[in-house]
Undergrad: 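Would you mind keeping the following structure in view while I ask a few things?
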Amino acid sequence: MSQVSKKALVLLNMGGARNKNELKMFLTNMFNDKNILTVKSNFLRSMIAKFIVTSRLNSAWENYEEIGGFSPLNPLTEKLVDKLNKSLQEAETFQVMRYTPPFAKECINQLKEKEIKDVILLPLYPQYSTTTTKSSLEDFEQVAKNEFNLTIIEPFYENEIYNQAIINSITKEVSNARTEDFNLIFSAHGLPQKIVDAGDPYEKQVNDHVEILSKLLEKKGVKFKSISLAYQSKVGPMKWLEPALDKELEKYKDDNVLIYPIAFIIDNSETDFELSIEYKEEADKIGIKDYRVCKCVNDDDIFIEAIKDITKLN
Ligand SMILES: C=CC1=C(C)c2cc3[nH]c(cc4nc(cc5[nH]c(cc1n2)c(C)c5CCC(=O)O)C(CCC(=O)O)=C4C)c(C)c3C=C
Ligand SMILES: [Fe+2]
Ligand SMILES: [Fe+2]
């Protein structure tokens with residue numbers, strides 16, 4: 001990064017727990033977020049949040065224990081920030097998380113110390129959702145209080161270089177096999193149906209993204225037995241987007257499945273625990289012969305190129 005640069009690139013993401021206390025913090029902040037629990041009354045939401053956190057914490061923690069007691073999201077994001085700081089001349093890169101540190105306040109204090117006014121916000125969500133993108137942007141803007149020139153980067157699921165990074169991850173996971181022998185399932189984090197019905201564009205953008213990637217695979221001559229989309233991570237009794245991943249997996253007894261986590265940029269507990277351990281157990285019960293999960297783009301060199309293209313930064 002050059003000494004005269006006065007721009008910041010701020011990566012926005014959800015956060016991830018580093019220990020059990022942070023898991024409690026993550027869940028408490030998440031369920032107090034009005035974009036997640038769309039109950040109008042702050043008091044009622046905080047009561048519901050308390051109830052959910054109390055009933056969920058211990059079982060959720062058991063999942064994190066199976067992946068070493070922390071979410072991989074933090075160390076992987078730090079690697080991405082370091083790589084961007086080595087690669088970008090025009091801006092210094094920071095990260096801000098929504099539910100666990102580093103929070104917006106910390107980053108904004110650093111920006112003020114460094115007298116940086118021009119700030120580019122890059123939500124690390126390829127498709128827009130009120131529950132993720134909007135929540136992170138609102139959070140940053142609220143703390144930033146009009147003191148910066150903010151540029152907000154739009155959802156980037158159509159970006160060609162990013163999609164090439166995804167194709168690379170897909171083909172790498174099956175490089176020792178024939179893609180024709182696998183059923184490719186794009187797995188997206190689920191969303192309550194009522195949030196979609198209220199106008200959230202996530203489902204449409206996820207559908208568009210699957211179509212773009214399917215066409216790109218065809219163009220590159222990479223053939224799969226089938227390509228489909230399913231939703232993981234349903235929480236609570238409400239109706240969520242369908243088909244659910246466990247139902248979709250039931251179609252592939254005696255067959256092979258390759259999962260690509262289409263809503264994530266950085267590997268996290270939902271990829272390392274839920275997809276790679278929990279759904280793998282389901283796949284074994286169903287009788288799926290070979291079940292594999294692709295890595296997210298994380299800090300891949302080609303994703304660094306994609307970020308340069310998306311942000312127009314050098
Ligand atoms: C009511 C709940 C939830 C909505 C809506 C939701 C949307 C949503 N989430 C992600 C990405 C991630 N979610 C992660 C964990 C996670 N998500 C929820 C609930 C909702 N998510 C919970 C309760 C949890 C904690 C784990 C659990 O108890 O199941 C993570 C992982 C973070 C980590 O620790 O590594 C990610 C990433 C998206 C993209 C999304 C909507 C589009
Ligand atoms: Fe989630
Ligand atoms: Fe989950």
Side-chain angles (χ1 to χ4, degrees), residues 11-17 63-64 66-67 71-77 79-80 123-129 131-133 155-159 162-175 179 182-191 202-203 205-214 216-217 222 224 226-235 240-249 252 256-283 288 290-300 302-303 306:
L11 310 180
L12 303 176
N13 206 345
M14 180 164 284
N63 303 345
Y64 282 80
E66 289 206 40
I67 53 169
S71 166
L73 188 130
N74 297 303
L76 289 170
T77 305
K79 279 175 81 179
L80 175 61
L124 287 184
Y125 301 107
Q127 311 89 13
Y128 184 100
S129 171
T131 59
T132 53
T133 323
F156 52 86
Y157 66 91
E158 292 169 303
N159 182 271
Y162 168 56
N163 284 326
Q164 187 53 54
I166 294 179
I167 303 288
N168 288 0
S169 168
I170 290 173
T171 50
K172 192 171 170 194
E173 195 54 43
V174 281
S175 59
T179 54
F182 278 80
N183 299 281
L184 173 63
I185 305 177
F186 288 106
S187 178
H189 193 297
L191 208 58
Y202 176 75
E203 183 187 25
Q205 294 192 4
V206 168
N207 279 323
D208 287 352
H209 198 188
V210 170
E211 205 178 312
I212 290 167
L213 289 166
S214 303
L216 195 57
L217 284 165
V222 184
F224 283 95
S226 68
I227 299 180
S228 58
L229 165 66
Y231 292 92
Q232 65 182 91
S233 322
K234 181 178 185 295
V235 181
W240 279 47
L241 287 173
E242 288 174 349
L245 182 56
D246 43 4
K247 282 271 163 293
E248 182 65 19
L249 288 176
Y252 303 108
N256 305 320
V257 166
L258 178 66
I259 305 275
Y260 186 81
I262 194 170
F264 304 133
I265 294 295
I266 306 280
D267 279 305
N268 58 77
S269 66
E270 308 290 85
T271 55
D272 285 17
F273 172 73
E274 203 173 62
L275 288 176
S276 302
I277 298 178
E278 204 169 36
Y279 284 105
K280 163 85 173 92
E281 283 168 10
E282 279 304 306
I288 290 172
D290 194 344
Y291 171 92
R292 302 186 190 190
V293 180
C294 301
K295 301 307 283 175
C296 292
V297 293
N298 295 319
D299 67 338
D300 258 21
I302 178 161
F303 183 53

Undergrad: Minimum heavy-atom separation for Ser169 to Cys294, with atom names?
TA: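 Heavy atoms of Ser169 and Cys294 come nearest at OG-CB, 3.6 Å.
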Undergrad: Compare all side-chain heavy atoms of Asn298 with those of Leu80 and state whether any distance is below 4.5 angstrom.
TA: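 No, every pair of side-chain atoms sits at 4.5 Å or beyond.
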Undergrad: When the ring planes of Tyr162 and Phe156 are compared, do they come out parallel, tilted or perpendicular, using 30° and 60° as the limits?
TA: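 It falls in the perpendicular class, over 60°.
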Undergrad: So which heavy atom on Tyr291 is nearest to which on Lys280, and how close?
TA: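 Closest pair (atom of Tyr291, atom of Lys280, distance): CD2-CD, 3.5 Å.
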Undergrad: Flag the pair Phe224 / Val222 as yes when at least one side-chain heavy-atom distance between them is below 4.5 Å, and no otherwise.
TA: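 Yes - at least one pair of side-chain heavy atoms lies under 4.5 Å apart.
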Undergrad: Any idea which heavy atoms bring Ser228 and Tyr252 closest together, and the distance?
TA: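 For Ser228 and Tyr252, the tightest heavy-atom pair comes out as OG-OH, 3.8 Å.
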Undergrad: Of all heavy-atom pairs between Tyr64 and Ala17, which one has the smallest distance, and what is that distance?
TA: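 Nearest pair, atom of Tyr64 first, then Ala17: CE2-CB, 4.1 Å.
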Undergrad: Is any side-chain heavy atom of Leu249 closer than 4.5 Å to a side-chain heavy atom of Ile185?
TA: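 Yes, at least one pair of side-chain atoms sits under 4.5 Å.
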Undergrad: Quick one: do Ser129 and Leu191 satisfy side-chain contact (heavy atoms from CB on, under 4.5 Å)? Show the steps, please.
TA: CA-CA 9 Å; Ser129 171; Leu191 208 58; 3.9 Å; yes
Undergrad: Under the side-chain contact (heavy atoms from CB on, under 4.5 Å) rule, what do Glu242 and Tyr231 come out as? Steps first, then yes or no, please.
TA: CA-CA 6 Å; Glu242 288 174 349; Tyr231 292 92; 5.7 Å; no
Undergrad: Could you pull out the closest heavy-atom pair between Gln205 and Tyr157, with the gap in Å?
TA: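 That would be OE1-CE2, 3.4 Å.
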Undergrad: Checking side chain to side chain donor-acceptor pair (under 3.5 Å) for the pair Glu270/Gln232: CA distance, chi angles, key distance, verdict?
TA: CA-CA 9 Å; Glu270 308 290 85; Gln232 65 182 91; 4.7 Å; no
Undergrad: Quick one: does Ile170's side chain get under 4.5 Å of Phe182's, heavy atoms only?
TA: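 SC-SC contact between Ile170 and Phe182 ruled out.
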Undergrad: At their closest point, which heavy atom of Gln127 faces which heavy atom of Thr133, and how far apart are they?
TA: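 So the minimum-distance heavy-atom pair works out to O-OG1, 3.7 Å.
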Undergrad: With heavy-atom distances below 4.5 Å as the criterion, would you say the side chains of His209 and Ile166 are in contact?
TA: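 A side-chain contact exists here, since the closest heavy-atom pair is under 4.5 Å.
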Undergrad: Quick check: do Phe273 and Asn268 have side-chain heavy atoms less than 4.5 Å from each other?
TA: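 Result no, sub-4.5 Å side-chain heavy-atom pair not found.
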